[in-house]
Amino acid sequence: MYIVEIFRAEANRLLREVGIEGEVTEAKEEFGDFAYPCFPLAEEMKMNPVEIARKMVEKMPESKFFSEIKNTGPYINFVISPERLAKLVLEYTLSGKIFQFEKKEKIVLEHTSANPTGPLHVGRARNPVIGDAMARILRRYGHDVVVHYFVNDAGMQVATLLWGIKNLPYEKIEGKCDHVLVKYYQKASKLVEEDENIGKKIRNLMKSYEMGDEEIRKFAREKVGCILKGIKESLEKIDVHIDKFVWESDLVPLAREIAGRFRDMVDEEDGAYYIDLKKLGVEGKDRIYLYRRDGTTLYFLRDVAYHIKKSEEAQYLIDVLGEDHKLHFRILQNILKILNEHLRVRALFYSFVRLPEGKMSTRHGRVVYLDDLLEEGINKAQEILKNRGYPENEVKEIGKSVAISAIRYSILNIQEEKPVVFQWQNALNFEGESGPFIMYSYTRASSILRKGNWNGEYYPEFVKHPQEIKLIKMMARYQDVIQEASKNLSPYIVARYTYNMANQFNQFYRDCPVIKSEGRLRETRLAIVVAFKKMMDDLMDLLGLKKSEKM
RNA sequence: GGACGCGUGGCCUAGCAUGGAUAGGGCACCAGCCUUCUAAGCUGGGAAUCCCGGGUUCAAAUCCCGGCGCGUCCGCCA
């Protein structure tokens, strides 16, 4: 049982003890830890709720779990015993037991899967950051997670890119492949809009690639591979790790085979094949096409194939997707249910990061690239460090950490489905609710421990200061937070929690001197700092924030 | 036009699933705090029709109905 649950269950037991069948809710901090509002009882008991609360408190037996049970107006309030809580939290955290969850099932989590036609841009940067944190959180929660990236090399976009590289004049541009080759994609996209002949040529190229033309395949693999390498490098720079890249073009044979499995649901028109969605009971669109008239497969069919492929690895699949994929995903779920009823497929949707002047678009060149954002962040952080007189190597190292943490946190600290308008000052915020703020509290803890020399002992009965108690209460919620984030597929829950924890520690730092304290109090406070640091270590890993002993 | 999501101080954001106690934070702004564990911190201050209108309820930011605004989708693109 989770720590908070132990106390909650006891509070509920006490309620039943006095004949109340309801359950406690979380109280506002100033009133205690749990609360039971007596309004609903007022009618059946024909009494004033304040009076009821008072009477219930009188009747209620004592409990070692609570230092106080009182009524504040019409509420029954339970105050957790600090000593008892501190004992559990310190024991669980220092031993590492709090970080251990029971083993759960295997998951294939797919994220990013950006078209390999150019560099990652900030409009889509929520995807890797959210996906990566989600994977880490699910692993902590006990899942065995494999992270996939679906390389969309089989469709029109990549064909457009390849045509561009083949046919447009060569320009010598220095830099990473993704940044260089995207120019061809942008130009080719523009030409398609002007000249439909080019569109025809691109479709032919796409068909040859899909039908297995060796020369084109070799060319495509080389060019797409090079862009993908650039994307991978960008991801690694912000500590996002992908376990497995699956190339869409490799799945075409499987896609064709799967299409055969639901042949009786498929209709044909002009040589193109589709499923009538009304028959499937899906609203929002009439048909979903599987094959083009020219016999090539469409993304939807290949994506079905990909999910079937993933189901060989796990029966629980999670896709981190932009909101533009909502309908696609709903249809996908319906089809997959027919093909494999045991397969569970969930999506974590996020809204786009827009620019003040509109949606970001690689094709139109209206973008802020992730690489540029990171570079800008590193410059800003290093500037600050230089001004503070840090030595060269530390300026470099800490500057990078600060920038990565700031960027990752600014993305994670917003509820996934909220739309975001990109602003440099928000993305690279180093103060307040930010990555560096969290890093800083960790650094402060390190700083105390460097000088503290904890002897390994602690005394829960010495935990008395309100700020010590607040910090410990925050720590007690860890297990619930991890569970909630895992169940709701929402890393931002962990992000908020981590900020709140750092915030509590900063106040503890102000109110509760550690090194200057003496005897058992000193050892106990050192134990709290050790436990805090351990927990922050874990939380920051989950979010992908960097840790630094000095900053 | 239909479906889905979002709408909270100047700006950003929490709370909404499971309705309850003066709607939490942050940025920016103003005023303070470094001979004391690193001030990327802390304290205080001003600033909010919780999009609008109805309804349910002892009680609505939260639930229901109807609007409005923004975003996304409704392609033989992905």
Side-chain angles (χ1 to χ4, degrees), chain A residues 23 25 27-31 35-40 42-43 49 72-75 77 113-115 117 150 152 154-160 203 248 269-274 277 283-294 296-300 302-303 322-328 330 349 351-352 354 359 381 384-385 388 402 406 410 413-415 417-421 423 425-426 429-441 443-452 488 492 496 499-500 502-503 505-507 509-517 525-526 529 550-551:
Chain A
E23 302 214 329
T25 57
K28 286 197 80 163
E29 200 188 307
E30 52 194 297
F31 298 113
Y36 182 79
C38 293
F39 304 102
E43 200 162 344
T72 314
Y75 294 84
N77 292 123
S113 302
N115 282 336
T117 51
F150 193 36
N152 296 284
M156 286 292 289
Q157 276 78 1
V158 161
T160 304
R203 273 192 293 279
E248 194 173 18
E269 187 181 75
D270 298 335
Y273 292 87
Y274 65 90
L277 290 175
E283 284 182 20
K285 191 170 170 158
D286 297 330
R287 300 168 166 185
I288 183 80
Y289 277 85
L290 307 180
Y291 285 100
R292 293 187 184 87
R293 197 184 313 178
D294 68 1
T296 53
T297 57
L298 281 148
Y299 165 67
F300 181 79
R302 298 190 299 262
D303 203 26
E323 58 183 337
D324 54 336
H325 274 64
K326 279 191 176 179
L327 182 57
H328 168 90
R330 221 170 67 221
F349 290 109
S351 296
F352 296 121
R354 304 154 37 82
K359 194 179 163 180
I384 293 172
L385 289 159
R388 293 183 189 180
V402 165
S410 71
N413 196 34
I414 301 169
Q415 196 182 7
E417 291 217 65
K418 284 234 188 194
V420 180
V421 176
Q423 274 161 352
Q425 58 173 70
N426 287 354
N429 177 26
F430 292 173
E431 285 166 16
E433 284 181 14
S434 71
F437 175 98
I438 291 166
M439 289 175 73
Y440 189 64
S441 73
T443 302
R444 280 178 148 181
S446 305
S447 178
I448 293 174
L449 296 178
R450 249 197 320 273
K451 297 175 187 170
N488 296 335
Y492 101 99
R496 293 217 60 76
Y499 168 79
N500 288 331
N503 188 32
F505 181 76
N506 280 337
Q507 290 175 53
Y509 184 90
R510 173 199 63 202
D511 292 339
C512 306
V514 178
I515 303 198
K516 279 182 295 176
S517 299
R525 284 187 173 170
L526 277 167
V529 177
K550 205 180 152 185
M551 72 181 278

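Residue numbering restarts at 1 for every chain, and letters A, B, ... go by the order of the sequence lines.
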Engineer: Rounding to an integer number of Å, can you tell me how far A/K285 NZ sits from B/U72 P?
Structural biologist: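 Distance check: A/K285 NZ to B/U72 P gives 17 Å.
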Engineer: So for atom CD, which belongs to A/Q507, do other residues, nucleotides or ligands contribute more than 12 heavy atoms lying within a distance under 6.0 Å?
Structural biologist: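 Buried by this count: over 12 neighbours within 6.0 Å.
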Engineer: Base, backbone or nothing for each nucleotide of nucleotides 8-13 of chain B, written B, S, -, heavy atoms under 4.0 angstrom, 5' to 3'?
Structural biologist: -----S
Engineer: Among the candidates B/U72, B/A21, B/A40, find the nucleotide nearest to the side-chain atoms of A/A35.
Structural biologist: B/A21
Engineer: Return the polar atom pairs (N/O with N/O) between nucleotides 58-61 of chain B and the protein under 3.5 Å, or none.
Structural biologist:
none

Engineer: Would you indicate what A/R388 reaches in the nucleic acid, counting non-hydrogen atoms under 4.0 angstrom: base, sugar-phosphate, or nothing?
Structural biologist: base
Engineer: Looking across every strand, which nucleic acid part, if any, lies under 4.0 Å from A/A381 by heavy atom: base, sugar-phosphate, or nothing?
Structural biologist: nothing
Engineer: Output a table of nitrogen or oxygen pairs between the protein and nucleotides 41-47 of chain B separated by less than 3.5 Å.
Structural biologist:
residue	atom	partner	partner atom	Å
B/G41	OP1	A/G432	N	3.0
B/G41	O3'	A/N506	ND2	3.2
B/G41	O2'	A/R444	NH1	2.6
B/G41	O2'	A/R444	NH2	3.2
B/C42	OP1	A/N503	OD1	3.3
B/C42	O3'	A/R510	NH1	2.7
B/C42	O2'	A/R510	NH1	3.1
B/U43	OP1	A/R510	NH1	3.2

Engineer: A/G284 near the nucleic acid: base, sugar-phosphate alone, or nothing, with a heavy-atom cut-off under 4.0 Å?
Structural biologist: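 Result for A/G284 = sugar-phosphate.
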Engineer: Examine B/A40: is either OP1 or OP2 under 4.0 Å from a nitrogen or oxygen in the side chain of A/K550? Give yes or no.
Structural biologist: no
Engineer: So what does A/L327 touch, heavy atoms closer than 4.0 Å: a base, only the sugar-phosphate, or nothing?
Structural biologist: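 Contact class for A/L327: sugar-phosphate only.
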Engineer: With a 4.0 Å cut-off on heavy atoms, is A/M551 in touch with a base, just the backbone sugar-phosphate, or nothing at all?
Structural biologist: base
Engineer: What nucleic acid atoms does A/S351 come within less than 4.0 Å of, heavy atoms only: base, sugar-phosphate, or nothing?
Structural biologist: nothing
Engineer: Reckon A/A42 touches a base, only the sugar-phosphate, or nothing at all at heavy-atom distances under 4.0 Å?
Structural biologist: nothing
Engineer: Are A/R292 and B/A78 close enough that a side-chain N or O sits under 4.0 Å from OP1 or OP2?
Structural biologist: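 Checking A/R292 against B/A78: at least one side-chain N or O falls below 4.0 Å of OP1 or OP2.
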Engineer: Would you mind checking if A/E433 and A/R496 are paired as a salt bridge, meaning a charged N to carboxylate O distance below 4.0 Å?
Structural biologist: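 Looking at A/R496 and A/E433, the cut-off is met.
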Engineer: By the 4.0 Å heavy-atom rule, please label A/C38 as base, sugar-phosphate, or nothing.
Structural biologist: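 If one applies the 4.0 Å heavy-atom cut-off, A/C38 turns out to touch nothing in the nucleic acid.
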Engineer: Answer with base, sugar-phosphate or nothing: what part of the nucleic acid does A/Q157 contact at a heavy-atom distance below 4.0 Å?
Structural biologist: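 Here A/Q157 touches the bases of the nucleic acid.
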Engineer: Using heavy atoms to find the nearest nucleotide of RNA chain B for A/N500 and A/P74 separately, return the residue whose nucleotide is more 5′.
Structural biologist: A/P74
